[in-house]
Structures are given as C-alpha cells and as structure tokens.
Amino acid sequence: MRGVNADTQRAPRLTGLAVPAGVLAAVAGAFAYVGTVDPNQPGHYPVCPLYRITGLYCPGCGGLRSAHAFVHGDFLAALQDNAPAVLGYLAFAVLWTVWVVRTARGRPLKLGLGPVHLWTAGTLLLVFTVVRNLPFGGWLHP
C-alpha cells in the first residue's frame, strides 16, 4: 500500500508541471520566431507607436532586436539594444526554474513582491527611459 500512496501524491505534482511546461513552450516559441524573423529587417514587425508618434524610445524599444541578438548568442548586442529586456530574460529563467523545482516538490510558488519592489522596478524603468532619450544617453538607443 505504501507504493500506491506515493504514486497518488506524485501524480498531482506531475500534472502541476504542465503549466510551467506550457509557459516554457510559449516563451521558447516566441524566442524561436524572433530568432528566425529578423526585427532589423523592415516590414516584419510594427514600429513602436510611441516612437512613431513622438520619436522617443519607450522602455520596450529594442526589445525584439535584443531578443533576436540573445537567441543568436550576441549578448553584447542584446544588452545594447535593451538591457532591461536581457535582465528580464535572465529573471524569467531563474523564476521559471524555481517554479519548476517548487512545483515538483509539491510546494506553491511564492514571489513575495511587495509595493517597494514594484515601485523600485518602475522607477528604474522610468530612469532608463528618460536617460535613453537624453542627448548623453545615445548609447542606450536600440
């Protein structure tokens, strides 16, 4: 009987891994598409609406170019195109790994992000956006 109980406990853990696996498949598919369809070639992706209307770079501008460079292993170009996006890719990899490990152990994923964390992230993105649009921030242009 001991084996039956262990099997019934293992089954929900394995089915719980379906969601992280689906998320990984979706992200991998998106990266595969961006890695195949070069955003540096005009006509493949729409232009950022903020950039089109105002000529200002938003925090996401260069994100597709960054993902394309990242997929091709050109990490310096990825950082040049959009450094916060590269940090986001790495953060996703760490969080996804923690999610899978915790799910496999039958424990829920708890991020514990409070208002301070969210305000800090928002402030850093705002500073990044402002600096990349100033004359001395040209090195942050995608």
Side-chain angles (χ1 to χ4, degrees), residues 3-142:
V4 173
N5 191 19
D7 287 340
T8 58
Q9 289 178 352
R10 194 175 307 135
R13 291 181 188 171
L14 291 177
T15 57
L17 291 173
V19 174
V23 169
L24 181 63
V27 170
F31 268 83
Y33 181 80
V34 173
T36 305
V37 181
D38 190 357
N40 294 304
Q41 302 298 320
H44 293 295
Y45 301 97
V47 176
C48 172
L50 181 69
Y51 182 75
R52 176 176 280 181
I53 294 169
T54 66
L56 297 173
Y57 295 106
C58 77
C61 282
L64 289 174
R65 289 186 201 117
S66 175
H68 181 79
F70 194 86
V71 166
H72 290 278
D74 192 354
F75 302 119
L76 290 177
L79 283 167
Q80 162 68 50
D81 288 332
N82 193 317
V86 174
L87 293 175
Y89 311 150
L90 298 175
F92 171 80
V94 169
L95 286 173
W96 184 86
T97 302
V98 169
W99 185 17
V100 167
V101 168
R102 290 186 66 86
T103 300
R105 292 181 177 169
R107 302 163 84 189
L109 177 65
K110 295 181 183 177
L111 294 179
L113 292 176
V116 171
H117 299 103
L118 299 175
W119 279 101
T120 301
T123 301
L124 289 173
L125 281 175
L126 180 63
V127 168
F128 171 74
T129 303
V130 170
V131 169
R132 81 186 316 200
N133 285 293
L134 293 174
F136 63 84
W139 58 280
L140 293 173
H141 290 177

Non-hydrogen atoms of [X] and [Y] that approach each other most closely:
| X | Y | result |
| --- | --- | --- |
| Ser66 | Tyr89 | OG-OH, 3.4 Å |
| Phe128 | Pro84 | CZ-CD, 3.5 Å |
| Pro20 | Val100 | CB-CG2, 3.8 Å |
| Gln80 | His141 | NE2-O, 2.8 Å |
| Asp81 | Ala69 | OD2-CB, 4.5 Å |
| Gly35 | His68 | O-CE1, 3.3 Å |

Val23 side chain reached by Trp99 side chain, heavy atoms, under 4.5 Å = yes
Any side-chain heavy-atom pair of Val86 and Asn82 under 4.5 Å = no
Value rounded to 0.5 Å, distance of CG in Leu140 from CG in Leu134 | 10.0 Å
Between OG1 of Thr97 and CZ of Phe92, what distance do you get to the nearest 0.5 Å?
-> 8.5 Å
Which atom pairs, one a donor and one an acceptor, fall under 3.5 Å between side chains of residues 107-123 and the rest of the protein, sequence neighbours left out?
| from | atom 1 | to | atom 2 | distance (Å) |
| --- | --- | --- | --- | --- |
| His117 | ND1 | Gly114 | N | 3.1 |
| Thr120 | OG1 | Val116 | O | 2.7 |
| Thr123 | OG1 | Trp119 | O | 2.7 |

In residues 43-63, what donor-acceptor pairs under 3.5 Å come from side-chain atoms, sequence neighbours left out?
| from | atom 1 | to | atom 2 | distance (Å) |
| --- | --- | --- | --- | --- |
| Tyr45 | OH | Val37 | O | 2.9 |
| Thr54 | OG1 | Leu50 | O | 2.6 |
| Thr54 | OG1 | Leu56 | N | 3.1 |

